Every structure is written in structure tokens, then in C-alpha cells.
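Scroll down for the structure; my scribbles are underneath it.
Whatever order the structure lists them in is the order used to number ligands and atoms, beginning at 1. From a predicted model like this one, the values you see are computed outputs, not experimental measurements.
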Amino acid sequence: MNFKILVVDDEEIMCTLLKEVLSAEGHDVYTASNGVDALGVLEEEGCDIILSDIRMPDMDGLKLLHAIIERDPEKIVIMMTGYATLATAREAIKEGAYDYLMKPFDIEGVRRSIKKAAERRRLYLENERLKTIMPLFEISNRLIETRESEQLLELILMSAMNQTKSPKGAIVLFAKNNDLPLSVLKRDLELDSSHNDLGKKAIEKLLSGANGLLVTRNDKHPLIGKMPRVKTLPFAGEPGAGDAVLCPITVRREDTVGCVIVQKDTTQDSFSEGDCDLLAVLSNQAGTSIENSRLIKDLEQVSVSTLQSLVLILEAKSPYTSGHSLRVSRYARLIALELGFDEKEVKRVEAGGMLHDIGKIGVSEDILIKPAPLTPEEYEQVKRHPVIGDEMLAPLAYLRDVRPLIRHHHERMDGLGYPDGIKAGMLSVSERIMVVADAYEAMLAKRPFRGIIGVKNAREELLEHKRTQFDADLVDVVIRLSEKGSLTLDE
Ligand SMILES: [Fe+2]
């Protein structure tokens, strides 16, 4: 392993000699003639090993040692000494120097000492690298155990903040072809999507293909110019806000779909190269998680569409049931909206309405389209369809929430329904919506041996079975919607 070595000596011939010897070993060697120049080289190059003379003009070797150790106690400093300064060299070891070399040099001795120092530096760097990797192992183990996309993003954000010691952070997901955030998961971060630099300007830069952004007031930030991913951005955040790093989240290596942002306070040290590497890995995980979640949702959508097609095909076989489930789904949705349900629950009752009769696939077609009254045995077969539907969907985890709506759409408030004969108190409001939406559609629609009874009669029938068959409040809601002209047989 090759290192950057700095030789500091006011005798030019010493610098030239050591540069020649150590370059031949494969190291990159820099030289300086005094302590002040040496600190300048260290600032620019960040050398791993420093070989320093003790007696030098301006700043001597001991002062240089102190200055180096104060900035980075892990730097390896080897003092070069003549007999006259031997006591000082020994003192330097106590103060943090790694070793000393006696002048005049034995070249083999110099090589041996540098080899030992290089090995120690290698072990230190390896240890630092492991310290970065270990948290990533822990994070990836937890990511494997976490399936929900939202929880994954939450975990990624918390890991990004913890690992970079940032008190503030956010994950922003963009709408496609739009620079406005689609959703934002944030922790104490002031993120104004339209006004400040951490919002709109940064996001514009990310969308234009930047690999990552460092937002800082410090024009001499050590990461500028060292990492191709880092670009500066004029900072206009709130006064207490420190440096920030934004890492793009990409999906399928092309689209930037969002970004991970972490921000420090002004009292903290800024971000290191290791921090940025870790953020890049976490952003990559976020991209993979979003992509997986999208693929799963696509598959689920295909699966639901297939089930819906099955229902439509089944119902189309009889003029009396054609379009029944579509209408029940629409009624259920309108009732749920009237009750102020949230979007997730509205979608659940909508899906329940669409799939509530899916179990009829398991009932003989001859019975379903029989142009005459059913025998008691045939009726018993029809009554099995809620259980068949519930069991059909059991393997589909993403429809788990919809199954109770399917199973219970023929229950009654007085407990005389089927298949479980449970009473109102055991039925959720969404299940009761299924009961009334299904029955009201059946009342409105044309039926064999009965024809169409009309809206007025249907409402009366609802009122007649209020509390026994149907939930009383929901009957009122249905009648109200019906009076507004909402629940009709037409689309
Ligand atoms: Fe049914």
C-alpha cells in the first residue's frame, strides 16, 4: 500500500535524498523546508506520514509535531535528529511522535522505519473503513427485515441522520417531470420547496443530473474539488442552519425520483468524505426500496384487475346481474365519502364492493342464471359464496383488509344473516356499508319474477328493514344520497 509522505527539512539535500529513496518504494513524496510550509502542504495534500527534522527556522520540528497532532492525532510523525537533538527527539516520542531516525541515515534503517509506519497507517485506515462498513451491515440487515416502503424510507432517513450525526434530515420524493416534492418525510428540517436554496434550487440541480450536492457557506470546504459528486450552492437557509448534503435517489439508474437530505447545526463539524459515501449507499438503498415497492404494486394492480375482470365476465352471463358489482363499488365509495372516511378506507370499501361476489365463481353457473326460483338446496349453495370469496383471496396478502368486507356482505344487524350470523356490534362500519350498498343496488335493479320496483319502493324497503337488516344511520345516508340523485343505476 502506497502513502503520501511529507519530508520536512531545511537542508535541501536531505529532502532530495529521502524523496528519491521513498519514491522508489512507490510512495508519493512531498517536501517542505520549514514547519510553516509543511502545514501548508498538509492542508493541501493531507499526507499520511511526516518525516520532520527538529532544528528548522521559523517553526521547529517539535512545534510542527504539536500542530500536526492537534489537528489529527492519528497522523504518523517521525522525527529526524542528530546527536545534538537526541534528547529532544526522545521527548517528541512522549508527545506523540511515532519514531525517530538518527542522522546520518542508514538508508536500510529509513526503509524499515517507513515500512513499519506504513503498516500502522494501513491498519488505522482499515479500521476506519470497517467502522463505516459495520453500521451499513446493521442497516442492511434491518432493511431486509422491513417490507413496507414507508417504514424502509423512515429507517433509511434515521440511519442517514444517526450515522452522519446530523440533527436534521429529510427524504423528498418528486412527482414525475415536476420539481415539486410529491411527498416529504422530514425531521426538523426547514425545507421550503419553492423558496429557499435547500428546497427548489437544490432540487433543480439534482434533477439536472448532479450526483450530489454539498450546501455550505465555506468556500474552502475540504470536499470541494476532491469529490466529483460535490458542488457548492449559495446558502440561504435559516441563520442557525449548518452545512447540508443532498444525495439523489435514482430508480433503474436513470430517473432521479427524490433525494436524501441531512443537515448539521452551525456548531458542528461539517461532513466528511466517509459521510458522503455512506449517504450515497443509503440513497441507493432508498432507490431500490422504491423500485421494489413499485414493482410489487404493479403486480398487485394486475392481480386486482384480473379478479375484477372475472367478476365482470361472471355477471355479464345474466342480464339481472350485469354491472352489479361495479355499481355496489360506486355506492360504497359514495357512502364512505359521505361519512368522511379517509382515502385509504374509501379505497378499501371500493375494492370490497367490486370483489364482494367473487365467490360466485365457485357456485354452479346453472344455479346463478336459473330462470326459475331456487330450491332450498340451491339457495344453500348460493349462500356459500361469501366464504368461498373470502377463502379465494386468502393467499393474496395485499387484499387481506378487503376479505372481511367480502365475507360479511350478507350479514344482518339482528344477527340473522349469513355466513357467520354475527350482529351489528361485531360488524365494522365498512362491513355494514357493504350490506346496505349491495342490497340497495339489488332493490333498484331489474330482477327475475319481479322487474324494477323503482327508487321510491326501494327506499321504503330500506326503511322497513332499518335496524333489523341494515344499520339505521347508513339507511339515512343512503336515502339522503339517493334523494340527491347520487345512487342510480346509471354510471
Ligand atoms: Fe352477494
Side-chain angles (χ1 to χ4, degrees), residues 304 307-336 348-370 373-394 399 401-424 426-450 453 458 461-462 465 468-471 474-475 478 487 489:
V304 169
L307 290 170
Q308 289 177 348
S309 302
L310 282 173
V311 171
L312 293 174
I313 292 166
L314 188 74
E315 292 180 347
K317 287 181 178 169
S318 160
Y320 302 111
T321 54
S322 180
H324 164 70
S325 294
L326 260 179
R327 283 190 291 275
V328 172
S329 172
R330 182 155 55 86
Y331 295 179
R333 176 188 160 76
L334 289 169
I335 297 166
R348 184 165 91 99
V349 295
E350 206 174 1
M354 193 62 224
L355 300 176
H356 72 284
D357 273 345
I358 186 89
K360 284 189 176 169
I361 286 170
V363 178
S364 162
E365 197 176 309
D366 295 339
I367 297 174
L368 291 178
I369 58 171
K370 186 178 175 184
L374 299 180
T375 65
E377 293 76 26
E378 287 169 340
Y379 186 51
E380 283 306 310
Q381 275 207 48
V382 172
K383 280 169 70 180
R384 290 184 55 234
H385 77 270
V387 173
I388 295 171
D390 178 28
E391 288 172 356
M392 265 178 73
L393 302 191
L399 288 175
D401 292 348
V402 180
R403 288 173 53 205
L405 306 183
I406 294 170
R407 187 176 181 97
H408 295 141
H409 74 274
H410 283 294
E411 298 292 352
R412 292 169 53 108
M413 302 309 105
D414 56 13
L416 298 176
Y418 64 89
D420 298 319
I422 51 179
K423 287 190 178 178
M426 300 290 287
L427 294 166
S428 68
V429 178
S430 295
E431 287 164 349
R432 293 183 230 171
I433 290 177
M434 285 298 117
V435 174
V436 75
D438 179 34
Y440 187 64
E441 197 287 336
M443 289 172 197
L444 288 181
K446 189 177 176 187
R447 283 284 178 261
F449 329 114
R450 186 200 71 183
I453 62 168
E461 203 170 323
L462 272 187
H465 300 287
T468 51
Q469 189 173 351
F470 309 119
D471 179 287
L474 290 181
V475 167
V478 169
L487 308 181
L489 289 174

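- Side-chain contact between Leu444 and Tyr331: present, with at least one pair of heavy atoms (C-beta onward) separated by less than 4.5 Å.
- Here Glu441 pairs with His324, Arg327 under the side chain to side chain donor-acceptor pair (under 3.5 Å) rule; sequence neighbours left out.
- Take Ser329 and apply the side chain to side chain donor-acceptor pair (under 3.5 Å) test, not counting sequence neighbours, and it matches no residue.
- Partner of His409 under the side-chain contact (heavy atoms from CB on, under 4.5 Å) criterion, out of Arg432, His356, Glu431: His356 alone.
- Here Glu461 pairs with nothing under the side chain to side chain donor-acceptor pair (under 3.5 Å) rule; sequence neighbours left out.
- Side-chain atoms of Arg403 come within 3.5 Å of backbone N or O of Asp390 as a donor-acceptor pair.
- Tally of protein N, O or S atoms closer to the Fe ion (ligand 1) than 2.8 Å: 4.
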